[in-house]
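Just below is one structure, and these are the notes that go with it.
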Amino acid sequence: MHWSQCVLLSALLLWAGLPSQAYAKKSKKPQDQVHVVRRGETLHGIAERYQLSAAQLRKANHLRGDRIQVGQRLKLPPHSRPVWHRVDKGETLVRIARTYGLSVDQLRQFNQLSDDRILAGQRLRLCAPETTLTVQAPVPVQHPPKEPSPSPDTARAPPAADSTRNDLPETDYTTVQEGTETAPAAEEEDLPPLDYLVKKGESLVQIAQRFDLPPGLLRQLNNLKKDRLRPGQKLRLRPSPLDEGTHVVRPGETLTGIARSYRLSVDKLRELNDLEGSKILVGQKLRLRATARDVHIVERGDALWEIASAYGIAAEELKRLNDLDSEEIYPGQELKLSPSKAGTFALYKVEPGDNLSEIARLHQMSVPELRRLNKLKGAVIHPGTQLKVKPILGDTEAMQTAEVNWDSLRLSLKDLGEIESENGPYYQDRPRAPRQLHPGYFENPSYAPLQAYEQAQRLWQAFDGAVEQLPPLSSALRGWHFVLDPGHGGLDPGAVVQVVDGNGNKVYVVEDEYVYDITLRVYVLLRRHGAQAQLTLLSPNHLLRHSNPAAQTFVNEKNEIYNSRQFNESNTPQSWPRGGRGGNLNTRVHIAEQFFGRTPENRRVFLSFHADIDPQSPEAPLVLYYQGKKGRDPVSRNFARTLLPALGAGAHLRGQPLGVLRNNPAGVKVLLELRNLAYTDHGWALRFEQLRQRDAEKVIKGILEYTHLQALSSK
Ligand SMILES: [Zn+2]
């Protein structure tokens with residue numbers, strides 16, 4: 001079929017660009033064609049998608065420039081139609097063909113499909129390939145086996161876990177409205193198109209530069225031995241979600257469905273995961289392929305430096321072994337380890353309440369792998385048993401956290417009235433429940449804000465004194481001042497999600513408690529590197545969480561207070577931290593102002609920690625910097641970029657008009673979404689101290705990298 005036929009067919013249909021896909025309805029008025037702009041789209045991208053020039057699209061919408069906004073409805077000239085369709089969860093080839101007035105054979109032919117199997121998230125051409133475009137519009141990555149995208153004819157699937165939000169649906173940190181105009185579109189910067197057709201005269205290095213990708217990544221993705229490209233060659237620019245090495249089971253999924261979406265046989269999937277029947281649990285992590293012993297399959301959030309460290313290889317050596325010229329790696333990538341280090345394993349001591357599947361997951365292994373390595377027969381393991389495991393990333397001798405005696409920070413101060421608890425330690429006040437009982441569960445403080453503040457201060461002084469006793473790690477951050485902001489607290493718990501433990505029991509995690517724990521860990525490491533630091537918010541009741549067993553999880557206690565006497569002096573319910581619009585998020589900025597005082601601006605850093613639910617966005621980690629009507633904050637953006645490789649595979653950055661960053665006196669100010677609670681796997685990870693420690697370690701690694709570069713450039 002040729003393009004003219006495409007156009008002819010389309011005249012009968014109404015097209016509207018909806019998030020990530022086009023959909024069609026029978027229309028009486030064929031000229032009614034609209035595209036609704038979604039995040040990440042550009043005018044040029046949309047024009048290309050409909051085979052229009054940017055000028056045509058501007059003309060149809062009386063636009064002068066290229067500026068468009070999310071949610072804006074762009075009129076399309078008559079007969080425009082999209083050239084591709086993104087497969088939504090549950091769609092079949094037959095249904096898509098029918099929607100676009102094509103035959104199944106045509107769809108197969110355009111997309112070189114040998115059968116009718118399609119994958120959620122897959123992009124299907126709606127016309128013969130020769131009429132398709134050189135560059136496809138950048139669209140946010142969809143991870144359809146994990147996250148269904150909204151579909152016009154099915155109800156929006158809920159996020160992976162039950163979630164409750166106390167505040168705004170889209171973000172829990174206020175996005176500012178600037179004047180009467182709508183805030184500009186958030187910009188997802190790091191997502192090049194999936195594929196690119198090489199034009200005449202273009203080199204690999206040029207293309208890499210244009211899309212801001214390391215040339216080594218392109219070589220690896222496309223199995224290129226040489227840099228020579230031919231015009232018309234299809235170049236993969238970023239890995240597809242289907243390349244990942246693991247899948248976390250979502251509600252409603254079946255083994256057969258998962259096998260199909262990854263083009264595996266059910267038997268193969270069973271074998272890889274040691275499954276007998278077809279029973280799988282929501283939140284269970286399935287391995288999608290086996291690899292040689294000397295290969296590490298990169299998971300989301302794995303950073304090259306951590307993998308190197310875990311296996312005792314120098315990062316440069318790991319890069320050399322894998323022909324990489326940067327630290328950038330991606331989920332699903334297979335990294336070759338040096339032969340001598342391939343057999344590296346660590347010992348894990350079984351704790352009461354542990355089970356094989358959680359131990360396996362913690363160490364990025366499958367249960368069969370764990371069994372084989374330890375010659376285990378059944379599922380029963382006994383506390384105290386030492387198991388051979390793959391080294392856990394971020395928890396090895398070479399890491400800084402290992403040099404900090406975290407146990408010494410678990411204070412036992414009689415005058416502070418420590419209360420032993422399965423979920424503690426708690427001071428002064430005992431939680432009424434050992435864990436979050438249901439998503440709406442919370443515990444109100446039995447005291448007023450000022451009293452909470454005084455209690456928190458006493459606890460903090462004791463903690464800080466203990467931190468002072470720890471030996472320094474370096475003096476790299478001397479002169480730097482950090483304000484660390486646990487993004488929630490007080491009356492605002494942030495996101496609350498349900499996760500499933502290794503035994504299939506439901507437990508809930510609370511974002512606020514996670515970010516408070518992370519903030520403390522980052523605080524300790526910053527101070528040990530010589531930095532000055534302060535928190536915006538304190539808890540009167542606990543410090544670091546040594547959550548063991550991991551099933552004992554965070555409780556939503558509404559008793560954290562702002563770290564300033566001044567803001568608690570009125571001692572009214574208004575003093576408790578509150579989020580969202582109408583909240584008192586600005587207090588965080590005032591506290592930062594007070595702390596920074598006369599510190600030079602280029603030595604002031606403000607970090608707000610989060611782990612929000614965002615089912616629309618690619619998975620965390622995500623670093624947000626300020627971008628508003630008056631432009632972006634280049635210093636923070638540069639910082640964010642530097643942080644990405646340290647945060648690991650799949651990390652990305654985005655500009656957004658966030659209130660807490662807008663009037664912030666820091667030179668560097670960013671919001672760190674270290675985890676995304678829309679993903680079952682991230683909810684799971686929050687419960688493990690080892691993984692929280694790893695998250696904090698990554699942040700420090702990125703900060704050290706940034707300050708090192710700053711020091712070099714000022715020389
Ligand atoms: Zn948050």
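All values derive from a computational prediction rather than experimental measurement. Values reported hereafter were calculated over all heavy atoms of this structure, with side chains retained and with hydrogens, waters and symmetry mates removed.
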To the nearest 0.5 Å, atom CE of Met365 lies from atom CG of Leu356 at 10.5 Å
Check: Thr254 and Ile258 side chains under 4.5 Å, non-hydrogen atoms | no
Open item on the list: Does either side chain, that of Gln233 or that of Asn222, offer a donor lying less than 3.5 Å from an acceptor on the other one?
Closed with: no
Got a salt bridge between Lys701 and Glu306, using NZ or NE/NH1/NH2 to carboxylate O under 4.0 Å? no
By salt bridge (Lys or Arg N to Asp or Glu O under 4.0 Å), Arg521 pairs with (sequence neighbours left out) Asp517, Glu689
- Is a donor on one side and an acceptor on the other found under 3.5 Å between the side chain of Glu358 and the backbone of Asn355? no
**Q.** Min side-chain heavy-atom separation Leu674-His610 under 4.5 Å
**A.** no
| request: Check the pair Val499, Leu686 against side-chain contact (heavy atoms from CB on, under 4.5 Å), reporting the backbone distance first and the verdict last. | output: CA-CA 10 Å; Val499 293; Leu686 259 57; over 6 Å; no
Phe609 meets the ring-ring contact (aromatic ring centres under 6.0 Å, His included) criterion, sequence neighbours left out, with none
- Task: With the side chain counted from C-beta on, respond yes when Thr519 and Leu607 share a heavy-atom pair under 4.5 Å apart, and no when they do not.
- Result: no
(Q) When you compare the side chain of Val509 with that of Arg687, does any pair of heavy atoms fall below 4.5 Å? (A) yes
Flag the pair Glu253 and Arg250 as a salt bridge only when some basic side-chain nitrogen lies within less than 4.0 angstrom of an acidic carboxylate oxygen. no
message: Is any side-chain heavy atom of Leu272 closer than 4.5 Å to one of Lys268?
response: yes
Looking only at heavy atoms, the pair that brings Leu288 and Leu264 closest together is O-CD1, 3.7 Å
Looking only at heavy atoms, the pair that brings Ala611 and Ala495 closest together is O-CB, 4.4 Å
The reported gap from CZ in Phe554 to CZ in Arg545 (rounded to nearest 0.5 angstrom) is 6.0 Å
- prompt: Can any side-chain N or O of Gln284 pair as donor or acceptor with the backbone N or O of Leu281 at less than 3.5 Å?
  reply: yes
Discussion item. Tell me whether Asn273 contacts the main-chain N or O of Leu275 through its side chain, where contact means a donor paired with an acceptor under 3.5 Å.
Written reply: no
Separation between CD1 (Ile307) and CD (Glu299), nearest 0.5 Å, reads 9.5 Å
- If we only count heavy atoms from C-beta on, is the Ile613 to Glu673 side-chain gap below 4.5 Å? no
**Request:** Could you give me the CA-CA distance, side-chain angles and deciding distance for Leu544 and Trp406, then say whether side-chain contact (heavy atoms from CB on, under 4.5 Å) is met?
**Result:** CA-CA 9 Å; Leu544 291 162; Trp406 295 91; 3.5 Å; yes
Hey, what's the ring geometry for Trp684 with Phe688, parallel, tilted or perpendicular (30° and 60° as the breaks)? tilted
Sorted by chain and residue number, the side-chain contact (heavy atoms from CB on, under 4.5 Å) partners of Ile359 (sequence neighbours excluded) come out as Tyr348, Val350, Asp354, His363, Leu370, Ile381, Leu387, Val389
Evaluate Asp267 against Ser265 for side chain to side chain donor-acceptor pair (under 3.5 Å), listing each step before the verdict. CA-CA 5 Å; Asp267 282 344; Ser265 74; 5.5 Å; no
Here the gap from Arg654 atom CZ to Leu671 atom CG, rounded to the nearest 0.5 Å, amounts to 10.5 Å
Nearest heavy-atom approach of Ile329 to Ala303 is CD1-C, 3.9 Å
| query | Less than 4.5 Å apart, any side-chain heavy atom of Val496 and any of Leu677? | reply | no
Salt bridge or not between Arg287 and Asp274? Use side-chain N to carboxylate O under 4.0 Å.
no
Shortest non-hydrogen pair, Glu327 vs Ala315, comes out as OE2-CB, 4.0 Å
**Message:** Check Asp695 with Arg692, please: is the shortest side-chain N to carboxylate O separation under 4.0 Å?
**Reply:** no
d(Glu202 CD, Ile207 CD1) to nearest 0.5 Å is 4.5 Å
*Keeping the roles fixed (side chain from Asp294, backbone from Lys336), state whether a donor-acceptor pair exists under 3.5 Å.*
no
The side-chain contact (heavy atoms from CB on, under 4.5 Å) partners of Arg260 (sequence neighbours excluded) come to Arg117, Thr256
Smallest heavy-atom separation, Asn322 atom then Glu334 atom, equals OD1-O, 4.0 Å
For Arg320, the salt bridge (Lys or Arg N to Asp or Glu O under 4.0 Å) test, sequence neighbours excluded, returns Glu317
Exercise. Do the side chains of Asp681 and Arg361 get nearer than 4.5 Å, heavy atoms only?
Worked result: yes
In this structure, CZ of Arg228 is separated from OG of Ser203 (nearest 0.5 Å) by 12.5 Å
**Request:** Indicate yes or no for a side-chain donor-acceptor contact from Asp195 to the backbone of Lys234 under 3.5 Å, with no hydrogens or angles considered.
**Result:** no
Would Leu335 and Gln333 satisfy side-chain contact (heavy atoms from CB on, under 4.5 Å), going step by step from the backbone distance to the final call? CA-CA 6 Å; Leu335 288 183; Gln333 183 172 0; 3.9 Å; yes
Check: His382 side chain, Val380 main-chain N or O, donor-acceptor pair, under 3.5 Å = no
Step-by-step side chain to side chain donor-acceptor pair (under 3.5 Å) determination, Arg210 to Tyr196: CA-CA 11 Å; Arg210 173 162 350 139; Tyr196 179 79; 2.8 Å; yes
Across all chains, not counting sequence neighbours, the ring-ring contact (aromatic ring centres under 6.0 Å, His included) partners of Tyr330 are none
Looking only at heavy atoms, the pair that brings Val248 and Lys285 closest together is CG2-CG, 4.1 Å
Evaluate whether atom NE2 of His546 has more than 12 neighbouring non-hydrogen atoms of other residues, nucleotides or ligands under 6.0 angstrom away. yes
(Q) Using modelled atom types and a 3.5 Å cut-off, is there a donor and acceptor pairing between side-chain atoms of Asp612 and backbone atoms of Asp614? (A) no
Q. Arg675 and Leu691: side-chain contact (heavy atoms from CB on, under 4.5 Å), yes or no, with the steps?
A. CA-CA 11 Å; Arg675 298 275 177 179; Leu691 298 178; 4.2 Å; yes
